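Remember, it's 1-based here, ligands and their atoms both numbered in the order they're listed. Values in this document were obtained by computation on a predicted structure and should not be read as measured data.
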Amino acid sequence: MKHIKLRDLDVSRIGLGAMGMSHAYAGAGSDDAESIRTIHRALDLGLTFLDTAEVYGPYVNEELVGRALRGRRDEVVLATKFGLVSHTGRKDGADSSPASVRTAVEGSLKRLGTDRIDLYYQHRVDPGTPIEETVGTLAELVAEGKIRHIGLSEAGPDTIRRAHAVHPVTALQSEYSLFTRDPEARVLPVLRELNIGFVPFSPLGRGFLTGAIRSADQIDPADFRADNPRFARENFAHNLRLADEVAAVAGEIGATPAQVALAWLLAQGDDIAPIPGTRRVGRVEENIGADAVRLTREQLAKLSDLPPAAGETHTEAQMRLIER
Ligand SMILES: NC(=O)c1ccc[n+]([C@@H]2O[C@H](COP(=O)([O-])OP(=O)(O)OC[C@H]3O[C@@H](n4cnc5c(N)ncnc54)[C@H](OP(=O)(O)O)[C@@H]3O)[C@@H](O)[C@H]2O)c1
């Protein structure tokens, strides 16, 4: 698999998001053995970039990843996130105060069974703590060898600049896909100016772009997508048409829709490493196969010209923590 650099951090240009193995999707946590096989298969196929977070579960997803990496820790760039679990008693969960970050990192290191986190992201910007204070603490953790690189997630241009002025930021992780083009206008130009890498999350539109979801009735009420505006009945038909356009391009080249959605993202720059999520061996094989998919200039243009998906990417409450 081709590798790229997120600033000076080398990663396979397709990573694996572990969230859905333990969190958010209906059925999460029901087959840890298959999830661990999925991680091992990804590593065997040359994938070196794994993504988890303290809040997934909470905690159990990091434990699962830690179990999967026993004896294989050095094969991966291991990324996790802090800041959506408060360790100082805040009620809404968002907490990037120095005391909370210090507690969080010790817990993540323990659960992941490692002595260092390769890329440690703030999960959401904390309105209650100046970003300079948070990044100052992260810089201390770098100096102590507990983390190697600093990342942000769903931070806007101003926060990115302020954070980067305190300590170099290696990567921003935010939602980006054929469904969610928001980062293109204001965020990507700043990342390129500052030489910060970009890690698109939910690159398959939470499964929608793969063509596997054809009706709102397919979403289990226990699944977090049941509340997600993108999957609401009033937006479904519009978004299904977009997924059908992706499937049409896939049909032209004998690839799958998931591979086309990923290949389009990969074509947006050599500073981009998406982290599609799956808990199934067959799907991780399919998604890694996107590394070999080449889209023509015409296909790329056609996909880039698609209108945005209908409906916000998150619920109203979740949107309040997202900077644009
Ligand atoms: N920073 C943040 O705030 C944030 C937010 C969300 C996610 N993330 C990270 O980004 C990763 C990926 O995002 P995501 O899981 O939200 O969305 P995604 O990668 O866009 O989609 C995952 C969904 O698509 C399904 N899927 C995966 N490959 C498929 C294929 N080839 N064919 C059909 N269906 C397929 C998965 O189901 P199966 O598992 O059943 O295959 C799952 O339901 C997460 O694991 C997490 O690490 C970060």
Side-chain angles (χ1 to χ4, degrees), residues 14-32 34-35 37-39 41-42 49-57 61-62 64-65 78-84 93-94 119-125 151-155 171-180 183 198-214 218-220 223-226 228 230-231 243 246-247 250 255-263 265 273-290 293 309 313-315 318-319 321-323:
I14 299 174
L16 173 60
M19 178 185 77
M21 297 174 181
S22 323
H23 186 77
Y25 293 104
S30 60
D31 193 350
D32 284 356
E34 175 70 359
S35 293
R37 279 194 293 276
T38 302
I39 293 173
R41 183 70 182 133
F49 190 26
L50 273 188
D51 190 80
T52 178
E54 176 187 43
V55 78
Y56 299 160
N61 191 240
E62 287 186 332
L64 176 82
V65 169
L78 184 52
T80 191
K81 317 180 196 80
F82 66 90
L84 287 180
L119 176 55
Y120 200 38
Y121 300 98
Q122 181 192 45
H123 209 148
R124 287 290 181 273
V125 177
L152 302 172
S153 178
E154 293 289 14
L172 177 80
Q173 178 179 136
S174 291
E175 184 162 352
Y176 185 38
S177 71
L178 281 166
F179 258 18
T180 306
F198 189 44
V199 178
F201 76 70
S202 303
L204 303 172
R206 305 172 198 274
F208 212 138
L209 288 164
T210 69
I213 300 161
R214 305 295 305 170
Q218 269 175 268
I219 310 288
D220 187 303
D223 193 295
F224 83 112
R225 291 171 293 188
N228 187 286
R230 289 274 160 90
F231 294 83
V246 176
T256 69
Q259 290 173 334
V260 168
L262 294 172
L265 266 179
I275 46 167
T278 182
R279 52 185 185 226
R280 297 168 211 259
V281 170
R283 286 180 172 173
V284 87
E285 290 170 347
E286 176 186 336
N287 297 345
I288 288 172
V293 170
T313 61
H314 291 79
T315 61
Q318 292 162 343
M319 285 305 290
L321 281 178
I322 289 181
E323 292 189 350

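- Of all heavy-atom pairs between V281 and R41, the closest is CG1-CG, 3.8 Å.
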Would you please test M19 and Y25 for side chain to side chain contact (heavy atoms under 4.5 Å, CB included) and show each step? CA-CA 9 Å; M19 178 185 77; Y25 293 104; 3.9 Å; yes
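- Results of the side chain to side chain contact (heavy atoms under 4.5 Å, CB included) test with K81 over Q173, Q122, E54 single out Q173 as the only residue that passes.
- The nearest non-hydrogen atom to atom 31 (N) of ligand 1, considering only V284, T210, N287, L262, comes from N287.
- Residue contacts with ligand 1 for L204 involve both N, CA, C or O and side-chain atoms from C-beta outward (heavy atoms, distance under 4.0 Å).
- Put simply, the side chain of Y120 reaches to within 4.5 Å of the side chain of T80, judged on heavy atoms.
- Closest to atom 7 (C) of ligand 1 among all protein heavy atoms lies F201 CD1, 3.6 Å.
- Of all heavy-atom pairs spanning A42 and I288, the tightest one is CA-CD1, 3.9 Å.
- A 4.5 Å side-chain heavy-atom check between M319 and T313 finds at least one atom pair inside the cut-off.
- Ligand 1 has a nitrogen or oxygen under 3.5 angstrom from a nitrogen or oxygen of G205.
- Residue contacts with ligand 1 for Y25 involve side-chain atoms from C-beta outward but no N, CA, C or O (heavy atoms, distance under 4.0 Å).
- At under 3.5 Å, a nitrogen or oxygen of R279, whether backbone or side chain, sits near a nitrogen or oxygen of ligand 1.
- If you look at S174 next to ligand 1, there are no close heavy atoms at all, none under 4.0 Å.
- Scanning the protein heavy atoms around atom 44 (C) of ligand 1, the nearest turns out to be M19 CB, 3.6 Å.
- The shortest N or O to N or O distance between P276 and ligand 1 is not below 3.5 Å.
- Taking the side chain as every heavy atom from C-beta outward, T278 and L204 never approach each other to under 4.5 Å.
- Residue-ligand proximity: Q259 is placed with every non-hydrogen atom at 4.0 Å or more from ligand 1.
- Annotation: G277 places an N or O atom under 3.5 Å from an N or O atom of ligand 1; distance criterion only.
- Closest protein heavy atom to atom 24 (O) of ligand 1: G207 CA, 3.2 Å.
- Considering D32, T52, I39, V65 as possible partners of M21, the one that fulfils the side chain to side chain contact (heavy atoms under 4.5 Å, CB included) test is I39.
- Using a 4.5 Å heavy-atom cutoff, the side chains of R124 and I322 are in contact.
- Listed by number with element, the atoms of ligand 1 under 4.0 angstrom from any heavy atom of A258 are 31 (N).
- Contact record, V246 with P257: CG1-O, 3.5 Å, taken as the closest heavy-atom pair.
- The closest protein non-hydrogen atom to atom 41 (O) of ligand 1 is T278 OG1, 2.6 Å.
- Side-chain contact between F201 and D51 is absent, with no heavy atoms from C-beta onward closer than 4.5 Å.
- Those atoms of ligand 1 with a heavy atom of H123 less than 4.0 angstrom away are 1 (N), 2 (C), 3 (O).
- Side-chain contact between D223 and F231: absent, with no pair of heavy atoms (C-beta onward) separated by less than 4.5 Å.
- Where the criterion is an N or O separation shorter than 3.5 Å, residue side chain and backbone included, K81 fails it with respect to ligand 1.
- For atom 35 (C) of ligand 1, the choice among R283, Q173, H23 with the nearest heavy atom turns out to be R283.
- Side chains of R225 and F208 form no contact here, defined as non-hydrogen atoms less than 4.5 Å apart.
- Residue, atom and distance of the protein heavy atom nearest to atom 12 (C) of ligand 1 are I275 O, 3.1 Å.
- Which parts of ligand 1 touch D51 is read off a 4.0 Å heavy-atom cut-off, strictly below it: atoms 9 (C), 46 (C), 47 (O).
- Residue contacts with ligand 1 for E286 involve side-chain atoms from C-beta outward but no N, CA, C or O (heavy atoms, distance under 4.0 Å).
- At least one heavy atom of R225 sits under 4.0 Å from some atom of ligand 1.
- Listed by atom number, the atoms of ligand 1 under 4.0 Å from A18 heavy atoms are 45 (O), 47 (O).
- Residue contacts with ligand 1: E154 is excluded, as none of its non-hydrogen atoms falls under 4.0 Å.
- Residue contacts with ligand 1 for S202 involve both N, CA, C or O and side-chain atoms from C-beta outward (heavy atoms, distance under 4.0 Å).
- Looking at R124 against ligand 1, only its side chain comes within 4.0 Å, counting heavy atoms.
- Contact between Y56 and ligand 1 is present, with at least one heavy atom of the residue lying under 4.0 Å from the ligand.
- Side-chain atoms of R283 and T210 form no donor-acceptor pair, as typed in the model, at a separation below 3.5 Å.
- At a heavy-atom distance under 4.0 Å, no atom of Q122 approaches ligand 1.
- Under the 4.0 Å criterion applied to side-chain N and carboxylate O atoms, E175 and R206 are assigned as salt-bridge partners.
- L262 has its side chain within reach of P203: a pair of non-hydrogen atoms, C-beta onward, lies under 4.5 Å apart.
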